[in-house]
Amino acid sequence: VRLSEFGTVLSEARAANPGLHLTLHSGESLLEDNDEIRSALELGAERIGHGYNLYRHEDIKARVIREGIPLEVCPLSNYYLGYCEDLTRHPAREYIRDGVSVVLADDDPAYFEGNNFVDDIFAAVVYWDLGLSDLEKLFRCSIEKSFLPDHLKEAHLAEWSSRWEAFLAGTY
């Protein structure tokens, strides 16, 4: 089923619910012609669930960077499902370096029994050779690009920043 088939339903939902935020699952494909990320953006997605194959579409990637649209990246899910056989070659590694807003996430906890978010963070650090500044950027992005109201984002950022500084100082 293509995302474009949901245009009417999504329009009606947004009309009935002003301020409704939208994340659409797209780009989790190895098919050359899969451009569901484009469809997700055309439908008004503010976040992209997965976005694995963004590397196939430089024009869409440029738009995602320009508009600051985050990708909810699930490295272990991508590995388990066969999209990425070698996590050192996962495209999110380059997305981060290219300025794409990346949010680390876990995926389908009922399906991936025993996998938790810490495992995805560990995989990203080890396989993508991330440093502390990369982690800081990813964690900060997860709050900044959340759908929380601004006052809650500010509160969460302040709390997180305080804990991050304590962690760096070895006092957490």
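Computed over heavy atoms, backbone and side chain alike; hydrogens, waters and symmetry mates excluded.
- Between atom CG of residue Leu31 and atom CG of residue Asn53 there is a gap of 8.5 Å, rounded to the nearest 0.5 Å.
- Two rings, from Tyr79 and His90, have their centers 6.0 Å or more apart.
- When hydrophobic clusters are built by joining Ile, Leu, Val, Met, Phe, Trp and Tyr residues whose side-chain heavy atoms come closer than 4.5 Å, directly or via intermediates, Leu104 is grouped together with Tyr83.
- Interatomic distance, Ile60 CD1 to Ser39 OG, rounded to the nearest 0.5 Å: 8.5 Å.
- Going from atom NE2 of His21 over to atom CZ of Arg14 covers 9.0 Å, rounded to the nearest 0.5 Å.
- Summarising the local packing, CD of Glu85 is surrounded by 12 or fewer heavy atoms from other residues, nucleotides or ligands at distances under 6.0 Å.
- With a 4.5 Å cut-off on side-chain heavy atoms, Glu28 and Ser77 count as touching.
- Asn78 is listed as a side-chain neighbour of His50, based on a closest heavy-atom distance under 4.5 Å.
- The closest donor-acceptor contact from the side chain of Tyr95 to the backbone of Val73 lies at 3.5 Å or more, if one exists at all.
- Proximity of a side-chain donor or acceptor of Ser161 to a complementary backbone N or O of Leu157 within less than 3.5 Å is detected.
- Not counting sequence neighbours, Glu154 has no partner by the salt bridge (Lys or Arg N to Asp or Glu O under 4.0 Å) test.
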Please evaluate residues Leu54 and Val64 with respect to the criterion side chain to side chain contact (heavy atoms under 4.5 Å, CB included), reporting the C-alpha separation (whole Å), side-chain torsions for both, the decisive distance (0.1 Å), and the verdict. CA-CA 9 Å; Leu54 182 64; Val64 164; 4.3 Å; yes

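- Within a 6.0 Å radius of CZ in Arg140, other residues, nucleotides and ligands contribute more than 12 heavy atoms.
- For Lys145 (side chain) and Gly68 (main-chain N/O), a donor-acceptor pair under 3.5 Å exists by modelled atom type.
- Following chains of ILVMFWY side-chain contacts shorter than 4.5 Å, one cannot reach Val103 starting from Trp164, and the two form parts of different hydrophobic clusters.
- Looking at Thr8 and Ser11, their side chains never come closer than 4.5 Å, going by heavy atoms from C-beta outward.
- Note on Ile69: it does not cluster hydrophobically with Leu22, by side-chain heavy-atom contacts below 4.5 Å among ILVMFWY residues.
- Salt bridge Glu72/Arg47: present, at least one basic N to carboxylate O contact under 4.0 Å.
- The closest donor-acceptor contact from the side chain of His57 to the backbone of Asn34 lies under 3.5 Å.
- Scanning for salt bridge (Lys or Arg N to Asp or Glu O under 4.0 Å) contacts around Arg97 gives an empty result, with sequence neighbours left out.
- Taking CG of Asp119 as the reference point, atom CG of Asp106 lies at 9.0 Å (rounded to 0.5 Å).
- Here the CD-CD1 distance, from Glu159 to Ile143, works out to 9.5 Å after rounding to the nearest 0.5 Å.
- In this view, Glu165 and Leu168 satisfy the side chain to side chain contact (heavy atoms under 4.5 Å, CB included) rule, not counting sequence neighbours.
- Applying the side chain to side chain contact (heavy atoms under 4.5 Å, CB included) rule to Tyr127 yields the partners Leu87, Thr88, Ala123; only residues at least two apart in sequence or on another chain are considered.
- Arg2 meets the salt bridge (Lys or Arg N to Asp or Glu O under 4.0 Å) test with Glu36; sequence neighbours excluded.
- Within 6.0 Å of the CZ atom in Phe147, the count of heavy atoms belonging to other residues, nucleotides or ligands exceeds 12.
- In this structure a side-chain-to-backbone donor-acceptor pair under 3.5 Å is present from Thr171 to Ala166.
- Salt-bridge formation is not detected for the pair Arg38/Glu58: no Lys NZ or Arg NE/NH1/NH2 atom is positioned less than 4.0 Å from an Asp or Glu carboxylate oxygen.
- Placement of Leu20 and Leu41 in two distinct hydrophobic clusters is found when ILVMFWY residues are connected by side-chain heavy-atom separations under 4.5 Å, directly or transitively.
- Between Ser26 and Leu3 there is a side-chain heavy-atom pair separated by less than 4.5 Å.
- In this structure, Lys137 and Asp134 have side chains that are not in contact, with every pair of non-hydrogen atoms separated by 4.5 Å or more.
- Both Phe139 and Trp128 belong to a common hydrophobic cluster when Ile, Leu, Val, Met, Phe, Trp and Tyr are linked at side-chain heavy-atom distances under 4.5 angstrom.
- At least one donor-acceptor pair closer than 3.5 Å links the side chain of Lys153 to the backbone N or O of Glu144.
- Tyr52 places no side-chain N or O within 3.5 Å of a backbone atom of Cys74 that could act as its donor or acceptor partner.
- Once rounded to the nearest 0.5 Å, the distance linking CG of Leu130 with CD1 of Ile96 reads 5.0 Å.
- Judged as a salt bridge (Lys or Arg N to Asp or Glu O under 4.0 Å), and not counting sequence neighbours, Glu5 has no contacts.
- Ion pairing between Arg56 and Asp35 fails under the 4.0 Å rule for side-chain N and carboxylate O.
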